[in-house]
2 protein chains.
Amino acid sequence: MSSTIPRRRPTIDDVAREAGVSRGTVSRVLNGGHWVSPDSLTAVNAAIKKTGYRINPHARNLATSRANSVAFLLTESHDRLFEDPNFSILMRGAAQALEEHDIPLVLLMAGSEAEQKRVTDFIIAGHVDGVLLVSSHSRQHDFLADLVRSKVPAIACGIPLGFERKIGFVAADDRDGACEVVDFLRDQGRTRIATIAGPQDTSGGTGRLEGYRERLGELYDETIVEIGDYSRASGASGMRALLKRDPSIDAVFAANDLMAAGALDVLQASGRRVPEEIALVGFDDSPVATTTTPELTTMRQPFDRISHEMVRLLLQVIEGQPAAAMTLPTELVRRGSA
Amino acid sequence: MSSTIPRRRPTIDDVAREAGVSRGTVSRVLNGGHWVSPDSLTAVNAAIKKTGYRINPHARNLATSRANSVAFLLTESHDRLFEDPNFSILMRGAAQALEEHDIPLVLLMAGSEAEQKRVTDFIIAGHVDGVLLVSSHSRQHDFLADLVRSKVPAIACGIPLGFERKIGFVAADDRDGACEVVDFLRDQGRTRIATIAGPQDTSGGTGRLEGYRERLGELYDETIVEIGDYSRASGASGMRALLKRDPSIDAVFAANDLMAAGALDVLQASGRRVPEEIALVGFDDSPVATTTTPELTTMRQPFDRISHEMVRLLLQVIEGQPAAAMTLPTELVRRGSA
DNA sequence: CTGAAAGCGCTTACAG
DNA sequence: CTGAAAGCGCTTACAG
């Protein structure tokens, strides 16, 4: 095993020499082994093992003009990123789904406009083959327009308001989920159901509010509707406003668990018993839901499925297929708060 | 502006032609503009603008055999990832620091052994120039050994137990921070100070326990020491055990905020008043610290500095300098719990 | 099924 | 300061 050859990294040529074939043949076995004779296949595989060869991804990228990587693009303010575990959960799921295809996930954050410019350049430069778009408020219209113009494959999480036809997406059925929450609350005999809705430039925010409104029909009363920004703090202030405006409410639907947790804090500080006097339902089934006392009853979003489907759809778009849109059902998780 | 040339992406040759120079000169401009005459410089820059040229990263990577990207490697179980916002905070900080150098952050997760194998392969293949190592329990000894053997530049967050001399790192001064907590509590007149320590295969876990023990000296009593795993649940069960074993404790030092929050839940459920009857101090100053009632008094870890210094040190190692180690001071943040 | 050859788009000594 | 040329390590028609 002594060798006087300098210890450089083996290339495809070393493997070819070792296996006694041309480098084209080696390349073919590296890329699926089609149109390769059984003999060559074994020879090449043995040579790969013997030489310790590994594909040089840069060379391959240049030759195929593919990056073989995908970006997870967060266009959310930095604070919300850490407050809300949904992002990490989606990211984890996406990274896992991609791992099966040996595709690394590149994290891109574009909270500010300067960052958006930089990210656009980065994507246009061809650093990634596709983009997983997370949390696009519609105020980022220009940014999304740039993305669409660049023709980079992209799939959004939630409906990309204003780009429904241009960008594929995977969304939970927000509207239907909200309807179910209302039904659930009414079945319990609740008659005065308030809501703390999410940001209205977000599909989850509008969808859940629409479902709530639609299902309440005649009973819908905008004086017991508050709009939050999905943060715990906004849930608390929304709850305070609601309580002041109408002390008779006997149920609250918060558009996410974080706001529900904030609302719960206020409810308890004000001495209301949950769920006896006021029922509280959140949305997401995020980790916070089980840290409160009582734990939160909530509409579960299938985050794992969402991230996996996003990856699947993105890979399809990268392969050249037209972008698809997908809506996934939510599911009520009963716990202590309602 | 009419052109019959097919709309392919401009290369360095297009720029060279447009500027009337060789492509070597264009390349020099692209790489800092050294050894380029002012005239050429202007001509090239104009040509770049006119053609809309962008560097093809894949070609550059192949030519320089550099990936121009860095990995954020999480070797933590998936659950803890979302429960504990520290990881996201570090990741955000690292991504930001890297952005200034136009270096993308690649997210790598290696919770299971299978994942570790895959990640090792990925790194050895040369996909990234360096690795930011986050949360390495020492039970991942083999994995780290592989990493060291591969000679990939790496910087750890916290002291990489067992590899202190092999891998550079940035750590908070855990020991000193714990000492300060004890001092603070004793200055308040607390005489029976218990602790819920962190995992002992982690530098933060051992360092904070050592500081606590050292400062308590004669008073150190292992019957009021519980070991947790940094999760909220373990803080709660640790607190229950402590209370049962010694109802007379009047202060608790939890090795992180999440465990402190769990301990607080138990304390309040058992009717103890915090901080009147029992003082409670956490560690981290993470977002949870301000979601409890009372809010947590805690030792702040300078996560932003930590992530930025990690990036700085990693970049140095990538440049060929020897790996440095760095310890950053912590700071007490007084809030309601002590 | 296989090999020779061109090509992907840069960088970097080297000679001048 | 500049250009011509070699090289980075793959992939992919093409001809056989």
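First the proteins, then the strands, lettered A, B, ... as listed; each starts at 1. None of these values were measured; they are calculated from a predicted model.
At a cut-off of 3.5 Å, with distance as the only test, no side-chain donor of Glu18(A) or Thr51(A) sits close to an acceptor on the other residue.
In this structure, CD1 of Ile12(B) is placed 11 Å from P of dT12(C), rounded to the nearest angstrom. Per the geometry, CZ belonging to Arg23(B) stands 10 Å off C1' belonging to dT11(C), to the nearest Å. If you measure from atom CD1 of Ile55(B) to atom C1' of dC10(C), you get 9 Å, rounded to the nearest angstrom.
For Val21(B), whose side chain is taken as the heavy atoms from C-beta onward, the closest listed nucleotide among dC1(C), dT11(C), dG3(D) is dG3(D). With dT2(D), dC10(D), dG9(D) as the choices, the nucleotide that has an atom nearest any side-chain atom of Ser40(B) turns out to be dT2(D). When distances run from any side-chain atom of Ser37(A) to the nucleotides dT2(C), dG9(D), dT11(D), the shortest one goes to dT2(C). With distances taken from any side-chain atom of Leu30(B) to the nucleotides dC1(D), dC10(D), dT11(C), the minimum falls on dT11(C). Looking at the side chain of Arg28(B), the nearest of the listed nucleotides dT2(D), dT2(C), dT11(C) is dT2(D). Considering only the side chain of Ser27(A), dT11(D) comes nearest among dT12(C), dT11(D), dG9(D). When distances run from any side-chain atom of Ala59(B) to the nucleotides dC8(C), dT11(C), dC10(C), the shortest one goes to dC10(C).
When each of Gly24(A) and Ala63(B) is assigned the nucleotide of DNA chain D with its nearest heavy atom, Ala63(B) is the one assigned upstream, toward the 5' end. For the pair Val36(B) and Thr11(A), both in contact range of DNA chain D, the more 5′-proximal nearest nucleotide belongs to Val36(B).
A salt bridge links Arg149(B) to Asp146(B): at least one charged side-chain nitrogen sits closer than 4.0 Å to a carboxylate oxygen.
The distance from the CZ atom of Arg118(B) to the CG atom of Asp102(A) is 5.0 Å, given to the nearest 0.5 Å. Note that CG of Asn61(B) and NE2 of His127(B) are 10.5 Å apart. Values are rounded to the nearest 0.5 Å. Note: Phe122(A) CZ to Glu99(B) CD = 9.5 Å, rounded to the nearest 0.5 Å.
Side-chain N/O atoms of Arg9(A) and base N/O atoms of dG9(D) include no donor-acceptor pair closer than 3.5 Å.
Under the Watson-Crick and G-U wobble criteria, each requiring two contacts below 3.5 Å, nucleotide dC1(D) is paired to dG16(C).
Within the 4.0 angstrom heavy-atom criterion, no nucleotide atom of any strand lies near Arg66(A).
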